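Reading through the structure tokens given below for one structure.
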Amino acid sequence: MVAGAGSGKTRVLTRRIGHLLATGQAVPSEILAITFTNKAATEMKERVTAAVGPVGQRMWVSTFHSACVRILRRQAHHLGFPSSFSIYDTDDSRRLITNIGKDLDLDPRKYRPRGLAHQISALKNELIDHEAFAPTAQTESQEVLAQVYRLYTERLQRAGAMDFDDLIGNTVAVLSLFDSVAAYYHRLFAHILIDEYQDTNRAQYELVRRMVGDGAEGLDPAELCVVGDSDQSIYAFRGADVRNIEEFEKDFPGAEVVLLEQNYRSTQTILSAANALISHNTGRRDKRLWTDAGDGEQIVGYVADDDRDEAAFVVNEIQRLTSEGLDAGEIAIFYRTHAQSRPLEEVLLRSGLKYRIVGNVRFYERREVRDALAYLRAVSNPEDDVAVTRILNVPKRGLGDRTVEQVAAFAAREQITFEAALRRASETGIGPRAETRIGAFLALLDELRMLLDSGADPEEMVEAVLEQSGLVGELQASNDPQDESRLENLAQLASVAGEFMNDNADGTLADFLERVALVAEADELPDHEGGLVTLMTLHTAKGLEFDAVFLTGLEESVFPHARSLDDPVELQEERRLAYVGVTRARKQLYISRAAMRMQFGTPSSNPPSRFLEELPDSLIHWKRTGRDLSRRVSAGGRGAAPALAQAAGSARRTAGPIVDLTAGDNVLHPKFGLGTVVSTAGEADKAEAHIDFGSEGVKRLLLRYAPVEKL
DNA sequence: CGAACATCCGCGCGC
DNA sequence: CGGATGTTCG
């Protein structure tokens, strides 16, 4: 089914399932439905279950990744993986690649881990493994890539771990290598349905083919139904291939194509804008969205002096809309990159409007949360080297880089895991001091494992890790104000585990870790309730709709993004992204740009986005245009401050006579401001003082160097 | 070894 | 600007 934005694709899919069940063409356990987010999966399942009763729960409705994990937990042993394999996210796999780069003595500038990781991911998306890739390597950098790829694969295997791409790739592998496995799933699924088919990559396409089957075992191939819209394909950067949907009829002969052009979401003004915009892309199947809902309001445009002015405009309009009775939950602000959220957030904070940022620094990507999860992973899978290495010195145990290096070298020499090498620390030639500390660390792991083996549930394990590892203790002891919110995050992790227990009474620790590894940004999105304005990137916005939408940062090199400007293919993807943004709005669309914007900490001015010209002027009411810009552009309202900071910096160098301080003295510090001496210690060159700088906290300063002035 | 500071470099979307 | 990495020194 090829369907335009807002034509009700997901609803069609849900109805089809309902129809299959109602007419007795299928029973729930025969249905596999793939959705774009876990949240969409839950909703679809709930809707169907509401119609057919509890048997609905027996359907498989999930994302590609979740479905693959479910298959692999059962089948991975065929490939030499434990059923409790770890799932490495982007950060984990980057760490692993960084380590490999170090071992190979690669110049990290020339071979950036990030770049290598990306290239490996691209190969995996094409189902090209390191053995297939190596012979094709031509240039030196490709040969390096081949070597890194090989080591990366080996270490993942040895660690009993899979990255996101492996979840798909290994499922394809197990289905193609083992006929009995393939036959099992062919017997299981008679109907396969896939949402957002335009976002599938090569590996996912292969997976679909294998799951559908070719009838070889004497079983009919599963019936396949996909929906999608190539104009909303915005994930080519992670391997999605529009070809999959465009050539669907060729790939699956006998397929029937249904075109949906009527839109049930937006006003005609918004649809006309979207049609005009997307018509600038070449090589597409022409679709023109239409509605019988009427023209509605004009699009409102605004040209701001700078990013803060843009934010002020947005917030002003939101206040006007809410004062007219619109629920703030029906309003969304979109931007191209997360970095653009900051000025918006600042102005929103001052305005008193409640808001929600989706996915800025994601909960599961916070350092302290990842540390705690690494403990759980290490406990659950002793072979998970990335996890064990990560937590060895967290919290600080006096086991630094040098120790890690020596143990890692020993592990490599002996072909054993990092933890096994730790257990043989005495053979590595590190000092007795480090040995004792390693012993304590291992005792901690053993104790946590014992707890797990005695039947502790995930919630209890989280609590045990937080307490016994010392993660919580370290943060409690700290007086860094940031650590308070870190403690809150850890507490939240414990409550996430608690919720998990409510939903999955007999869930294992591995189940919990898997759930946590596969949550997407869009899954964290609360439904439009609670009167919160929603801020998010355009990518996260797909599939959602709001009464009023603000599309911000319409400037060349912001949107379209700088890295797409010289590539016509990428530019077309940027345009599809803009199309997705425009079509999220039901009633009112706002578009804005800033003449000057802070980027990388420095002010920069970018010309208007080409997308603005591609929108028919007759549809837009400009509240302020480029000609209205105030003259103070480039006057340097910001960035004048450094003079003071420099003065303070140069004063620091002059380590003159040591100030004589006693408790109770008032002092002035160029950076921390006014403070009161709490206590002093040491003499002469070693004299130090604890000084309370109020909001800056209590600092321990060495008076020999600290630029404090006694008052 | 690790705190504190200096410097470098980047910010592109994500399962 | 801010996180990651490098350097210095007690």
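It should be emphasised that the depicted structure is a prediction, and the values quoted were computed from it without experimental measurement. Lettering follows sequence order; numbering is per chain, from 1.
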Under 3.5 Å donor-acceptor pairs involving side-chain atoms of residues 87-96 of chain A, not counting sequence neighbours:
{"from": "A:Y88", "atom 1": "OH", "to": "A:D384", "atom 2": "OD1", "distance (Å)": "2.5"}
{"from": "A:Y88", "atom 1": "OH", "to": "A:V386", "atom 2": "N", "distance (Å)": "3.4"}
{"from": "A:D89", "atom 1": "OD1", "to": "A:D91", "atom 2": "N", "distance (Å)": "3.0"}
{"from": "A:D89", "atom 1": "OD1", "to": "A:D92", "atom 2": "N", "distance (Å)": "2.9"}
{"from": "A:D89", "atom 1": "OD1", "to": "A:R370", "atom 2": "NH2", "distance (Å)": "3.1"}
{"from": "A:D89", "atom 1": "OD2", "to": "A:R370", "atom 2": "NH1", "distance (Å)": "2.4"}
{"from": "A:D89", "atom 1": "OD2", "to": "A:R370", "atom 2": "NH2", "distance (Å)": "3.3"}
{"from": "A:D91", "atom 1": "OD2", "to": "A:R370", "atom 2": "NE", "distance (Å)": "3.4"}
{"from": "A:D91", "atom 1": "OD2", "to": "A:R370", "atom 2": "NH2", "distance (Å)": "3.2"}
{"from": "A:D92", "atom 1": "OD1", "to": "A:R370", "atom 2": "NH2", "distance (Å)": "3.0"}
{"from": "A:D92", "atom 1": "OD2", "to": "A:D89", "atom 2": "N", "distance (Å)": "3.1"}
{"from": "A:D92", "atom 1": "OD2", "to": "A:R377", "atom 2": "NH1", "distance (Å)": "2.9"}
{"from": "A:S93", "atom 1": "OG", "to": "A:T90", "atom 2": "O", "distance (Å)": "3.3"}

Partner residues of [X] under the side-chain hydrogen bond (donor to acceptor under 3.5 Å, both in side chains) criterion, sequence neighbours left out:
{"X": "A:T428", "value": "none"}
{"X": "A:T200", "value": "A:N244"}
{"X": "A:N393", "value": "none"}
{"X": "A:Q599", "value": "A:S604, A:N606"}

**Request:** Could you tell me whether A:E514 and A:R73 have a side-chain N and a carboxylate O separated by less than 4.0 Å?
**Result:**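 Salt bridge present between A:E514 and A:R73.
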
Does a side-chain N or O of [X] approach OP1 or OP2 of [N] to a distance below 4.0 Å, or not?
{"X": "A:H338", "N": "B:dG14", "result": "yes"}
{"X": "A:T403", "N": "B:dC1", "result": "yes"}
{"X": "A:N38", "N": "B:dC15", "result": "no"}

**Message:** Say we look at B:dC13 and C:dA4: how far apart would their P atoms be, to the nearest angstrom?
**Reply:**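 Taking atom P in both B:dC13 and C:dA4, they lie 16 Å apart.
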
**Prompt:** Between C:dG6 and B:dC11, how far is it from one P atom to the other, in whole Å?
**Reply:**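 C:dG6 and B:dC11 have their P atoms separated by 16 Å.
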
Could you pull out the protein-nucleic contacts involving nucleotides 1-6 of chain C (nitrogen or oxygen on both sides, under 3.5 Å)?
{"from": "C:dC1", "atom 1": "N4", "to": "A:F600", "atom 2": "O", "distance (Å)": "3.3"}

Within the 4.0 Å heavy-atom criterion, would you say [X] contacts the bases, only the backbone, or no part of the nucleic acid?
{"X": "A:D91", "answer": "nothing"}
{"X": "A:S66", "answer": "nothing"}
{"X": "A:R433", "answer": "nothing"}

**Request:** Map A:Q599 and A:L518 onto DNA chain B by nearest heavy atom, then report which one ends up closer to the 5' terminus.
**Result:**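 Closer to the 5' end of DNA chain B: A:Q599.
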
**Message:** Go nucleotide by nucleotide along DNA chain B from the 5' end; which of A:R114 and A:T37 gets its closest nucleotide reached first?
**Reply:**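 That would be A:R114.
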
Taking distance alone, no hydrogens or angles, what donor-acceptor pairs closer than 3.5 Å link side-chain atoms of residues 107-123 of chain A to residues at least two apart or in another chain?
{"from": "A:D107", "atom 1": "OD1", "to": "A:R109", "atom 2": "N", "distance (Å)": "2.9"}
{"from": "A:S121", "atom 1": "OG", "to": "A:D165", "atom 2": "OD2", "distance (Å)": "2.9"}

**Request:** Sequence neighbours left out, what pairs pass side-chain hydrogen bond (donor to acceptor under 3.5 Å, both in side chains) with at least one residue falling in residues 558-571 of chain A?
**Result:**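 As it turns out, there is no side-chain hydrogen bond (donor to acceptor under 3.5 Å, both in side chains) pair with a partner in residues 558-571 of chain A once direct neighbours are skipped.
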
**Request:** Go through residues 569-582 of chain A and report each residue with a non-hydrogen atom lying under 4.0 Å from DNA chain B, sorted by number.
**Result:**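 Heavy-atom cutoff 4.0 Å gives A:E570, A:E574.
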
**Prompt:** Which ones in residues 559-568 of chain A lie close to DNA chain B, meaning a heavy atom under 4.0 Å from one of its atoms?
**Reply:**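 When residues 559-568 of chain A is checked for heavy atoms under 4.0 Å from DNA chain B, the hits, listed by number, are A:H561, A:R563.
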
**Request:** Not counting sequence neighbours, which residues clear ring-ring contact (aromatic ring centres under 6.0 Å, His included) with A:F550? List them please.
**Result:**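 So A:F550 forms a ring-ring contact (aromatic ring centres under 6.0 Å, His included) with A:Y590.
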
**Exercise: identify the closest heavy-atom pair between A:Q340 and A:G553** =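 In this case the closest contact between A:Q340 and A:G553 is NE2-CA, 3.9 Å.
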
Nearest of [options] to any side-chain atom of [X]?
{"X": "A:R109", "options": "B:dC13, B:dC8, B:dC15", "value": "B:dC8"}
{"X": "A:T537", "options": "B:dG14, B:dG12, B:dC9", "value": "B:dG14"}
{"X": "A:F164", "options": "B:dC13, B:dC15, B:dA3", "value": "B:dC15"}
{"X": "A:T337", "options": "B:dG14, B:dG12, B:dC9", "value": "B:dG12"}

**Item:** Side chain A:T552, main chain A:F334, donor-acceptor under 3.5 Å
**Value:**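 Here the side-chain-to-backbone pair exists.
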
**Item:** With A:V516 via side-chain contact (heavy atoms from CB on, under 4.5 Å) - residues at least two apart
**Value:**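 A:V516 satisfies side-chain contact (heavy atoms from CB on, under 4.5 Å) with A:Y364, A:L373, A:F512 only.
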
**Item:** Quiz item: A:T90 side-chain donor-acceptor pair to B:dC15 base, under 3.5 Å
**Value:**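 Present.
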
